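First comes the structure, then the notes that go with it.
Order of appearance sets the numbers: ligands from 1, and atoms from 1 within every ligand. Remember, predicted model here, so these are calculated numbers, not experimental data.
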Amino acid sequence: MTRARRLAITLRDLRDAADSLPDAVVLLDEAWRVRWFNQAAETLLGLRRGHDRGVVLSDRLHGSELAAWLRSGARVPLHDIPAPGRPGDHLDVSLQPFGRRQRMLLARDISPLTRLEQIRRDFVANVSHELRTPLTVIHGYLELLDPEDVPTLAPVLAEMRAQSKRMGQIVEDLLTLSRLETQEHVIDERVPMAAMLATMRKEAEALSQGRHRIALETETDCDLLGSPRDLHSALSNLVSNAVRYTPSGGSIVIRWRRMPEGAVYSVSDTGYGIPAGHLSRLTERFYRVSSSRSRETGGTGLGLSIVKHVLNLHQARLSVESTPGKGSTFACHFGAERLLPPESGATDPTPG
Ligand code: ADP
């Protein structure tokens, strides 16, 4: 066999191997023009053999999310974008530099995963919804029963009421999470922070019943832009956790501060604290450092998941600092684009 023939066979084998890949591969030259692509690139990206060689890829995919990403330099990988060649399907895309200023675009079809994720979401939402009515009925009847009618059953009745209330709270939290997960963005409204912070302090005091010292430190009069209902739920979850995981006699400080890159709402406590190994998992559903402590204090294990989802919808992030035995600080970092100057005529924030 001649050398040329051997080379031709190797080339054909390489091309066949690339064509059998389930992922789309597109080789781009230094001017982002298409040099070569495999079969999956035809189905997933809609490229056509004998047509699209030499064209600038972002021009070819004009109007798609992928084209905008390419035009902006394609620096970070893209997650879950619509496949330009197959409507309804979803892709993860990344760009790999190689050789002399050339690039390889890789696109993976993640539609089966997104479909499974959708099934999971629907299932949780449906189960929660189905449980809501029977629970309301049970709860209603339990409220009607008078413990004084059968004093021996009074402790049993109290426990049944507490547990049905707890189940009801879990169902409500799961429904909130389902709603937050399917939402892509929030409807932006002004969230007056002076009033919100005053509510936070009141909620902390009501929950603490005088067992803790509670302070509010307001260092900025900025308001937030976002969903008042969702932000209330996130900010108050942190307050409720601080009270629930701090023994009597401890103190809790709620702060609202301006930072160079935005503003921070934080809640610090002098409570039990959290060992470092747990910190990265706290926002997972039902993740608890101590199940018994969480249950005793009426926790559902879903609070911090809700906080994380609400913050994501506001392009904000949660940070946690904690020392076991000393206490914790949970902080929500909001970007400058989420801040509003106070409305003229608004009163100064009350000092802490
Ligand atoms: P829960 O309903 O169990 O409180 P969360 O999602 O709100 O659920 O919190 C998850 C876990 O994180 C809690 O079970 C608890 O172990 C830990 N945690 C949250 N906040 C604090 C805090 N301020 N101090 C100590 N541990 C905390």
- Quick one: does Ser305 get an N or O within less than 3.5 Å of an N or O on ligand 1? no

- Polar side-chain atom of Thr220 near backbone of Cys222 as donor-acceptor pair, under 3.5 Å: yes

- Message: Could you tell me, atom by atom, which parts of ligand 1 come under 4.0 Å of a heavy atom of Thr300?
- Response: 2 (O)

- Query: Looking at His185, Glu181, Arg179, which hits side chain to side chain donor-acceptor pair (under 3.5 Å) with Gln183?
  - Reply: Arg179

- Note on the structure: for atom 13 (C) of ligand 1, nearest protein heavy atom and its distance come out as Tyr245 OH, 3.3 Å

- Task: Report, in ascending order of atom number, the atoms of ligand 1 lying under 4.0 Å from any heavy atom of Gly299.
- Result: 2 (O)

- Between Tyr272 and Arg293, is there a cation-pi geometry (under 6.0 Å to ring centre, at most 45° from the normal)? yes

- Message: So if I count the atoms of ligand 1 from 1 in the order they appear, which ones are less than 4.0 Å from some heavy atom of Tyr287?
- Response: 10 (C), 11 (C)

- Message: Within the 4.0 Å heavy-atom shell around Gly301, which atoms of ligand 1 are there?
- Response: 1 (P), 2 (O), 3 (O), 6 (O), 8 (O)

- Query: Under a heavy-atom criterion of less than 4.0 Å, does Asn237 contact ligand 1?
  - Reply: no

- Considering the heavy atoms of Arg288, write down every atom of ligand 1 situated less than 4.0 Å from one of them. 3 (O), 14 (O)

- Task: Flag the pair Leu174 / Leu302 as yes when at least one side-chain heavy-atom distance between them is below 4.5 Å, and no otherwise.
- Result: yes

- Note on the structure: ligand 1 atoms nearer than 4.0 angstrom to some heavy atom of Ser328 are 24 (N)

- Message: Below 4.0 Å from ligand 1: does a non-hydrogen atom of Phe330 turn up there or not?
- Response: yes

- Message: Can a donor-acceptor pair be found, under 3.5 Å and without considering hydrogens, that links the side chain of Thr323 to the backbone of Gly327?
- Response: no

- Query: Do side-chain atoms of Arg53 reach the backbone of Val34 as a donor and acceptor pair under 3.5 angstrom?
  - Reply: no

- Query: For Asp23, does its backbone N or O pair with a side-chain atom of Asn38 as donor and acceptor, under 3.5 Å?
  - Reply: yes

- Near Arg244, which atoms of ligand 1 are under 4.0 Å from a heavy atom of that residue? 1 (P), 2 (O), 4 (O)

- Subset of ligand 1 atoms that lie under 4.0 Å from at least one heavy atom of Leu282: 12 (O)

- In the protein, which heavy atom is nearest to atom 23 (N) of ligand 1, and how far is it? Asp269 OD2, 2.9 Å

- For the residue pair His314 and Phe334, categorise the inter-ring angle as parallel (less than 30°), tilted (30 to 60°) or perpendicular (more than 60°). perpendicular

With a cut-off of 3.5 Å and sequence neighbours excluded, list every side-chain donor-acceptor pair involving residues 77-84.
| from | atom 1 | to | atom 2 | distance (Å) |
| --- | --- | --- | --- | --- |
| His79 | ND1 | Asp92 | OD1 | 2.7 |
| His79 | ND1 | Asp92 | OD2 | 3.4 |
| Asp80 | OD1 | His90 | ND1 | 2.8 |

- Answer yes or no: does an N/O atom from Leu304 fall short of 3.5 Å to an N/O atom of ligand 1? yes

- Item | Set of side-chain hydrogen bond (donor to acceptor under 3.5 Å, both in side chains) partners for Glu159, sequence neighbours left out | Gln163

- Query: In the protein, which heavy atom is nearest to atom 16 (O) of ligand 1, and how far is it?
  - Reply: Val289 N, 3.0 Å

- In the protein, what heavy atom is nearest to atom 3 (O) of ligand 1, and what distance, to one decimal place, separates them? Ser294 OG, 2.5 Å

- Query: Which residue from Asn241, Ile274, Leu238, Thr329 reaches closest to atom 7 (O) of ligand 1 through any of its heavy atoms?
  - Reply: Asn241

- Item | Validation row: Met193, Leu224 side chains within 4.5 angstrom (heavy atoms) | yes

